[in-house]
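Nothing fancy with the numbering, it's 1 onward along the sequence.
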Amino acid sequence: MMRHVLIIDGLNLIHRARVAMQEAENGCTFAALRSIRSLIDRFKPDTAYFVMEGVPRRRIEASEGTYKAQRTGMDDTFRNQKRQITDIISRHLPVIVTRHPDYEADDVIAHLAEHVHSEDRVTIVSTDTDFTQLLRADDRRISLYSPIKDIFVEAPPYDYVRWKALRGDGADNIPGIPGIGDKRATTLVTEAGALEAYFAKKPETRAIFEHNLNMIGFEDLTETWGQVTFSAPARQNDNLRSRMQNLDIMSLTSDKTWPKWIASFDRLWIKFPSQAA
């Protein structure tokens with residue numbers, strides 16, 4: 001029987017929570033927990049993952065240290081709340097926190113969706129457009145939900161990785177081929193023979209293209225999947241409530257709100273921990 005698997009891009013969600021509640025003490029933690037509950041209520045999955053980042057050593061080495069180098073570091077307040085959020089979920093919620101020490105969350109999410117849960121319906125929650133490469137117009141088993149736009153991303157009518165290798169990815173500090181924008185890239189990957197004709201005229205650009213393919217495509221984690229960690233929480237609702245109250249997260253833990261908030265996770269607890277990959 002096909003299960004519904006929800007995979008949340010963890011750091012992506014935490015950054016959105018930070019923006020939503022950046023002025024309030026423990027506001028990021030509050031917003032993140034509220035968002036997770038909202039996603040569970042909306043999608044009603046049989047299994048849920050919260051995937052965190054490892055260190056993308058191969059990509060950093062391949063880019064000579066430039067990969068994502070433009071991203072600013074976390075301040076102590078955000079770093080502490082990120083740790084706090086991950087710890088609360090890991091210990092107290094039936095949402096599997098998972099991480100590979102040497103790869104990004106993107107790679108772990110792709111492996112979960114394409115290999116571990118290849119027989120299940122998978123919904124990925126993220127604003128990261130890299131996951132577009134998992135979408136197929138003729139196979140809706142994997143879907144990508146963008147929480148900011150509140151839409152499901154449509155599968156493009158072309159090879160997304162090849163398109164992005166031409167265009168580049170500013171978010172990850174991967175330069176594209178000079179002179180190629182969205183429209184030109186679309187033409188090159190959709191018209192028969194167009195890309196090879198372009199490389200014949202500008203052979204020096206092929207190396208950029210092949211490098212970008214290597215950087216943008218997801219990693220094969222088959223041989224190192226055993227290094228991935230999975231959380232093993234305990235169902236101790238009173239302890240969770242007490243911990244949240246100590247953080248002054250009162251709007252989720254009041255006598256009126258708490259029973260509804262915690263009941264959202266009942267469906268997942270029924271099958272936990274046998275749901276873990």
Side-chain angles (χ1 to χ4, degrees), residues 1-14 16-17 32-53 85-100 105-128 131-136 138-147 150-155 218 221-222 225-226 228-237 239-241 252 257-277:
M1 180 178 179
M2 180 177 283
R3 296 180 296 172
H4 183 197
V5 178
L6 181 68
I7 306 179
I8 302 170
D9 184 349
L11 191 58
N12 187 271
L13 180 144
I14 294 173
R16 296 197 310 275
L33 294 175
R34 183 181 61 180
S35 294
I36 291 169
R37 185 253 185 154
S38 178
L39 290 169
I40 298 301
D41 270 350
R42 173 168 185 160
F43 293 107
K44 295 179 173 55
D46 300 298
T47 304
Y49 292 91
F50 191 81
V51 185
M52 293 301 293
E53 298 288 339
I85 292 162
T86 306
D87 189 65
I88 288 173
I89 301 169
S90 297
R91 293 175 182 272
H92 301 292
L93 293 179
V95 176
I96 306 165
V97 178
T98 183
R99 176 181 179 273
H100 193 301
D106 297 23
D107 301 313
V108 175
I109 290 171
H111 190 88
L112 284 167
E114 293 193 308
H115 301 287
V116 176
H117 292 286
S118 59
E119 301 299 321
D120 298 320
R121 181 164 60 93
V122 176
T123 299
I124 298 168
V125 179
S126 181
T127 61
D128 190 339
F131 295 116
T132 304
Q133 63 189 280
L134 297 176
L135 305 180
R136 304 287 182 271
D138 57 350
D139 183 1
R140 299 300 181 100
R141 187 183 67 82
I142 298 175
S143 59
L144 173 60
Y145 173 69
S146 175
D150 190 22
I151 61 169
F152 284 93
V153 178
E154 292 294 328
F218 293 128
L221 302 188
T222 303
W225 189 247
V228 176
T229 57
F230 300 94
S231 61
R235 191 175 189 178
Q236 298 175 334
N237 292 341
N239 289 347
L240 172 58
R241 186 180 189 185
L252 300 183
T257 306
W258 179 250
K260 297 178 182 178
W261 191 86
I262 202 64
S264 297
F265 300 95
D266 285 346
R267 177 186 178 92
L268 291 172
W269 276 121
I270 291 172
K271 298 184 178 182
F272 204 88
S274 60
Q275 59 186 335

Using 0.5 Å steps for rounding, measure from the [atom1] atom of [X] to the [atom2] atom of [Y].
X    : Y    : atom1 : atom2 : answer
D120 : H4   : CG    : NE2   : 9.5 Å
I40  : L268 : CD1   : CG    : 5.0 Å
F230 : S90  : CZ    : OG    : 12.5 Å
T257 : R34  : OG1   : CZ    : 12.0 Å
S126 : N12  : OG    : CG    : 3.5 Å
S264 : D266 : OG    : CG    : 8.0 Å

Closer than 3.5 angstrom, by distance alone: can the side chain of [X] be matched with the main-chain N or O of [Y] as a donor-acceptor pair?
X    : Y    : value
H92  : N239 : no
R121 : R140 : no
R99  : E53  : yes

Can L134 and L144 be said to form a side chain to side chain contact (heavy atoms under 4.5 Å, CB included), step by step?
-> CA-CA 9 Å; L134 297 176; L144 173 60; over 6 Å; no
Taking it one step at a time, do R37 and D41 satisfy side chain to side chain contact (heavy atoms under 4.5 Å, CB included)?
-> CA-CA 6 Å; R37 185 253 185 154; D41 270 350; 3.1 Å; yes
Measure the shortest side-chain to side-chain distance between [X] and [Y] over non-hydrogen atoms and say whether it is less than 4.5 angstrom.
X    : Y    : answer
P147 : R16  : yes
L112 : V5   : no
S146 : F131 : no

Heavy-atom closest pair, residues [X] and [Y]:
X    : Y   : result
W261 : L33 : CZ2-O, 3.7 Å
S231 : V95 : OG-O, 3.7 Å
A32  : A17 : N-CB, 3.6 Å
T86  : V97 : CG2-CG1, 3.8 Å

Apply side chain to side chain contact (heavy atoms under 4.5 Å, CB included) to V108 and Y49, showing your working.
-> CA-CA 11 Å; V108 175; Y49 292 91; over 6 Å; no
Which of parallel (below 30°), tilted (30 to 60°) and perpendicular (above 60°) describes H111 and H115?
->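 Taking H115 first and then H111, their aromatic rings sit tilted (interplane angle of 30° to 60°).
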L240 vs L93, side chain to side chain contact (heavy atoms under 4.5 Å, CB included): CA-CA, chis, key distance, verdict = CA-CA 9 Å; L240 172 58; L93 293 179; 3.8 Å; yes
V51, V125, D128 screened by side chain to side chain contact (heavy atoms under 4.5 Å, CB included) with I109, the one that passes =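 Result for side chain to side chain contact (heavy atoms under 4.5 Å, CB included) with I109: V51.
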With F50 as reference, evaluate I7, I36, L11, I96 under the side chain to side chain contact (heavy atoms under 4.5 Å, CB included) test and give the passing residue.
->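 So the option named by the test is I36.
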Test applied, side chain to side chain donor-acceptor pair (under 3.5 Å); reference residue, Y145; option that passes from T127, T123, D150 |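 Among the candidates, only D150 passes.
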N237-R241 side chain donor-acceptor pair, cut-off 3.5 Å | no
Which residues pass the ring-ring contact (aromatic ring centres under 6.0 Å, His included) test with H100, sequence neighbours left out?
->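 So H100 forms a ring-ring contact (aromatic ring centres under 6.0 Å, His included) with Y103.
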Charged N-O contact under 4.0 Å between R267 and D46 | yes
